[in-house]
Amino acid sequence: MSTTRDAGRDPEETPSDEALVRAARLGDEVAFATIVDRHGPGMHRYALRLVGGRDADAAEVAQDALVSAWRSLPSFGGDSALRTWLFRIVHRRAADLTRRRRPVPIDDQLLSHLVPEAAENALRSILDEELVEALQRCLDELPWHQRAVWLLREVEGMSYDEIASTLSLSVGSVRGHLHRGRRTISERMARWR
């Protein structure tokens with residue numbers, strides 16, 4: 001994935017996450033800015049879904065996570081991928097925010113990309129909107145870990161190992177949460193088949 005700072009560079013010249021972490025640990029703010037450019041959009045997207053689609057809350061969570069990452073870089077041992085570590089921080093910050101605030105449903109537009117666009121058919125557009133709303137309600141009702149695992153797997157495309165590392169769960173727990181989440185969603189969305 002190319003970033004603004006990486007534009008025009010040969011992909012082989014693009015620094016790895018490991019190299020960026022080493023440089024950022026030494027106080028290189030440009031290296032950390034590259035990390036932000038590379039991983040910030042995904043962190044914000046994940047935060048947005050976890051906090052119910054409120055952009056201000058997602059921005060707060062992502063910013064807090066990045067500040068925490070900057071401060072914690074010296075203790076980052078590299079046991080997991082940088083992306084996984086950053087998403088784990090986002091997850092924790094979103095959980096903290098969610099505990100402090102009352103849950104709010106996800107924004108209608110967040111999951112609309114999962115539903116194919118309707119051809120110029122008004123009835124189909126209405127049904128697609130209802131499908132997205134039903135899916136959002138279903139996700140809102142899932143327990144926290146099931147929702148987080150489902151979002152990381154189905155929307156962010158993370159592997160079971162990455163999710164386990166991100167959420168500090170075993171791979172077996174990830175599989176269990178995903179299975180239960182998928183089953184619940186399947187049961188509640190049965191009328192849309």
Side-chain angles (χ1 to χ4, degrees), residues 1-7 9-101 103 110 142-178 181:
M1 178 170 158
S2 178
T3 65
T4 319
R5 285 171 179 52
D6 297 335
R9 284 188 181 178
D10 182 343
E12 293 178 11
E13 293 178 21
T14 304
S16 68
D17 282 349
E18 294 80 14
L20 292 170
V21 167
R22 282 193 303 273
R25 279 183 178 153
L26 297 172
D28 186 340
E29 292 178 10
V30 173
F32 190 74
T34 303
I35 290 171
V36 171
D37 287 348
R38 189 175 289 173
H39 297 290
M43 294 169 66
H44 183 267
R45 189 172 49 246
Y46 180 53
L48 192 62
R49 292 181 182 110
L50 283 177
V51 299
R54 293 191 322 236
D55 194 53
D57 288 345
E60 178 183 337
V61 166
Q63 181 177 355
D64 286 351
L66 287 166
V67 168
S68 180
W70 173 255
R71 291 179 181 156
S72 301
L73 270 176
S75 65
F76 174 59
D79 298 334
S80 64
L82 176 64
R83 178 177 184 236
T84 303
W85 182 68
L86 292 170
F87 272 70
R88 182 181 314 129
I89 296 171
V90 169
H91 183 82
R92 289 180 183 147
R93 296 298 174 267
D96 292 344
L97 182 76
T98 302
R99 276 191 291 272
R100 289 192 313 259
R101 297 194 179 151
L110 278 176
L142 286 179
W144 178 258
H145 277 104
Q146 288 179 25
R147 180 181 184 187
V149 168
W150 190 90
L151 287 168
L152 289 172
R153 179 70 179 167
E154 303 298 339
V155 179
E156 294 300 327
M158 284 190 174
S159 70
Y160 292 117
D161 290 333
E162 289 174 319
I163 297 169
S165 182
T166 298
L167 302 180
S168 299
L169 298 171
S170 69
V171 172
S173 292
V174 167
R175 290 180 188 277
H177 286 302
L178 184 60

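The side chain to side chain donor-acceptor pair (under 3.5 Å) search around H44 returns D55, not counting sequence neighbours. Under the side chain to side chain donor-acceptor pair (under 3.5 Å) criterion, R88 pairs with S165, not counting sequence neighbours. Residues satisfying the side chain to side chain donor-acceptor pair (under 3.5 Å) test with W144, not counting sequence neighbours, are H91. For the salt bridge (Lys or Arg N to Asp or Glu O under 4.0 Å) test, no residue two or more places apart in sequence or in another chain qualifies with E18.
For the pair R83 and F87, the distance from NZ or CZ to the six-membered ring centre is under 6.0 Å and the angle to the ring normal is within 45 degrees.
Annotation for I35 and A24: closest pair CD1-CB, 4.5 Å, computed over non-hydrogen atoms. Closest approach of A58 to V51, counting heavy atoms only: N-CG2, 3.7 Å. Pairing each heavy atom of T84 with each of E162, the nearest pair is CG2-O, 3.4 Å.
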Throw together a table of side-chain donor-acceptor distances under 3.5 angstrom for residues 167-175, partners on residues two or more places apart or in other chains.
| unit_1 | atom_1 | unit_2 | atom_2 | d |
| --- | --- | --- | --- | --- |
| S170 | OG | S173 | N | 3.0 |
| S170 | OG | S173 | OG | 3.1 |

Please set out all donor-acceptor pairs under 3.5 angstrom arising from side-chain atoms of residues 62-77, sequence neighbours excluded.
| unit_1 | atom_1 | unit_2 | atom_2 | d |
| --- | --- | --- | --- | --- |
| S68 | OG | R93 | NH2 | 2.9 |
| S72 | OG | S68 | O | 2.8 |
| S75 | OG | S72 | O | 2.8 |

Is there a side-chain contact (heavy atoms from CB on, under 4.5 Å) between W150 and L178 once you walk through the steps?
CA-CA 6 Å; W150 190 90; L178 184 60; 4.2 Å; yes
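One distance of note links OG1 of T34 with NE2 of H39; it measures 10.0 Å at 0.5 Å rounding. Between the CG atom in L152 and the CZ atom in R147 there is a gap of 11.5 Å [rounded to 0.5 Å].
Taking the side chain as every heavy atom from C-beta outward, V155 and Y46 never approach each other to under 4.5 Å. No side-chain heavy atom of D28 sits less than 4.5 Å from a side-chain heavy atom of R22. Between L50 and V61, every side-chain heavy-atom pair lies at or beyond the 4.5 Å cut-off. At least one side-chain heavy atom of R45 sits under 4.5 Å from a side-chain heavy atom of E156.
Checked for salt-bridge contact, D17 and R38 meet the test: a charged N lies under 4.0 Å from a carboxylate O.
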